[in-house]
*Asks:* 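Sharing a structure here in structure tokens format.
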Amino acid sequence: MCPMIERDITSFEARVYEATCLIPRGMVTTYATIGRIIGCRSPRAIGQALRRNPNMPEVPCHRVISSDLTLGGYSGERAGPLLEQKRRLLKAEGVVFVDDRLAKESQLWSGL
DNA sequence: TACAAGCAATAGT
DNA sequence: ACTATTGCTTGTA
């Protein structure tokens with residue numbers, strides 16, 4: 001029944017979760033944008049919150065990339081098979097990456 | 001309660 | 001390429 005996945009998430013983690021869920025399918029956003037939405041000026045804190053993954057896989061954390069339009073990381077790994085899977089997930093949603101970089105900048109979600 | 005260490009980043013030099 | 005900055009979580013005393 002109750003999978004009790006949420007553990008003792010803090011307010012910060014809840015905000016990150018909410019902001020991440022706001023990302024439309026087929027688009028991506030950056031840690032900085034998420035921080036902008038929840039009012040956090042430290043993208044590292046967001047990466048850490050997502051790394052802990054308070055509620056997986058309900059949260060499309062794979063739609064969060066770096067401001068440099070690079071893939072960033074996934075599940076705590078900044079490189080490796082998991083990151084490759086992240087790319088694959090994004091590709092399945094129509095987001096194309098070339099050379100570990102977002103091909104179309106128009107697919108960036110500005111948080112509007 | 002207090003202090004120290006670490007993190008899926010970003011900006012500036 | 002390298003260093004500094006930054007906010008938040010976790011662990012230890």
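Everything quoted here is computed from the prediction, not taken from an experiment. To find a chain, count down the sequence lines: A is the first, B the second, and so on, and within it residues start at 1.
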*Asks:* Quick one: label A/Gly76 by what it contacts on the DNA or RNA (base, sugar-phosphate, nothing), any heavy atom closer than 4.0 Å.
*Replies:*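 Base, at least one base heavy atom under 4.0 Å.
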*Asks:* Could you give the CZ-to-C1' distance, from A/Arg78 to B/dG6, as a whole number of Å?
*Replies:*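 Whole-Å distance recorded here is 12 Å.
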*Asks:* Looking only at heavy atoms, what is the nearest atom pair of A/Thr30 and A/Val64, with distance?
*Replies:*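 It is C-CG1, 4.2 Å.
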*Asks:* Looking only at side-chain N and O atoms, does A/Arg15 come under 4.0 Å of OP1 or OP2 in C/dC8?
*Replies:*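 A/Arg15 to C/dC8 OP1/OP2: no side-chain N or O under 4.0 Å.
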*Asks:* A/Arg36 CZ to B/dA11 P: how many Å, rounded?
*Replies:*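 So the CZ-P distance, A/Arg36 to B/dA11, works out to 12 Å.
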*Asks:* Distance check needed: B/dC7 P versus A/Glu77 CD, whole Å only.
*Replies:*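 Checked: the CD to P distance equals 11 Å.
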*Asks:* Determine whether A/Leu22 and A/Val28 fall in the same hydrophobic cluster, where Ile, Leu, Val, Met, Phe, Trp and Tyr are linked whenever their side-chain heavy atoms lie under 4.5 Å apart.
*Replies:*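 Looking at the clustering, A/Val28 is in a separate group from A/Leu22.
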*Asks:* Assign A/Phe12 to base, sugar-phosphate, or nothing according to its heavy-atom contacts below 4.0 angstrom with the strands shown.
*Replies:*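 Sugar-phosphate only.
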*Asks:* Please determine whether the number of non-hydrogen atoms from other residues, nucleotides or ligands lying under 6.0 Å from atom CZ of A/Arg88 exceeds 12.
*Replies:*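 12 or below, so no.
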*Asks:* Round to a whole Å and report the spacing from CD1 of A/Ile46 to C1' of B/dT10.
*Replies:*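 Rounded to whole Å, this separation is 11 Å.
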*Asks:* Rounded to the Å, how far apart are A/Tyr31 OH and C/dT5 C1'?
*Replies:*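 To the nearest whole Å, that distance equals 18 Å.
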*Asks:* Tell me what A/Arg41 touches on the nucleic acid: a base, only sugar-phosphate, or nothing, going by heavy atoms under 4.0 Å.
*Replies:*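 The answer is sugar-phosphate, as A/Arg41 gets under 4.0 Å only of primed atoms, P, OP1 or OP2.
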*Asks:* Across all strands, who's sitting opposite C/dT5 as a Watson-Crick or G-U wobble pair, both distances under 3.5 Å?
*Replies:*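 Its partner is B/dA9.
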*Asks:* Taking the side chain of A/Ser42 as its heavy atoms from C-beta onward, which of C/dT6, C/dT9, B/dA9 lies nearest to it?
*Replies:*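 Nearest nucleotide to the side chain: C/dT6.
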*Asks:* To check you understand the geometry: which heavy-atom pair defines the closest contact between A/Gly26 and A/Val95, and what is its length?
*Replies:*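 Looking at all heavy atoms of both residues, the shortest contact is O-CG2, 3.4 Å.
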*Asks:* With nearest nucleotides of DNA chain B determined for A/Gln48 and A/Asp68 from heavy-atom distances, which residue corresponds to the more 5′ nucleotide?
*Replies:*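 Upstream on the strand: A/Gln48.
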*Asks:* A/Leu69 has an atom CG; how far is it from atom P of B/dA9, in whole Å?
*Replies:*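 My rounded result for the distance is 15 Å.
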*Asks:* Quick one: A/Arg44 CZ to B/dA5 C1', roughly how many Å, whole number?
*Replies:*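 So the CZ-C1' distance, A/Arg44 to B/dA5, works out to 12 Å.
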*Asks:* Does the side chain of A/Glu93 come under 3.5 Å of the side chain of A/His62 through a donor N or O and an acceptor N or O?
*Replies:*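 Yes, because at least one side-chain N or O of A/Glu93 sits under 3.5 Å from a partner of the opposite role on A/His62.
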*Asks:* What's the closest nucleotide to the side chain of A/Ala45 if the choices are B/dT10, C/dG7, C/dT9?
*Replies:*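 Given the options B/dT10, C/dG7, C/dT9, the side chain of A/Ala45 is closest to C/dG7.
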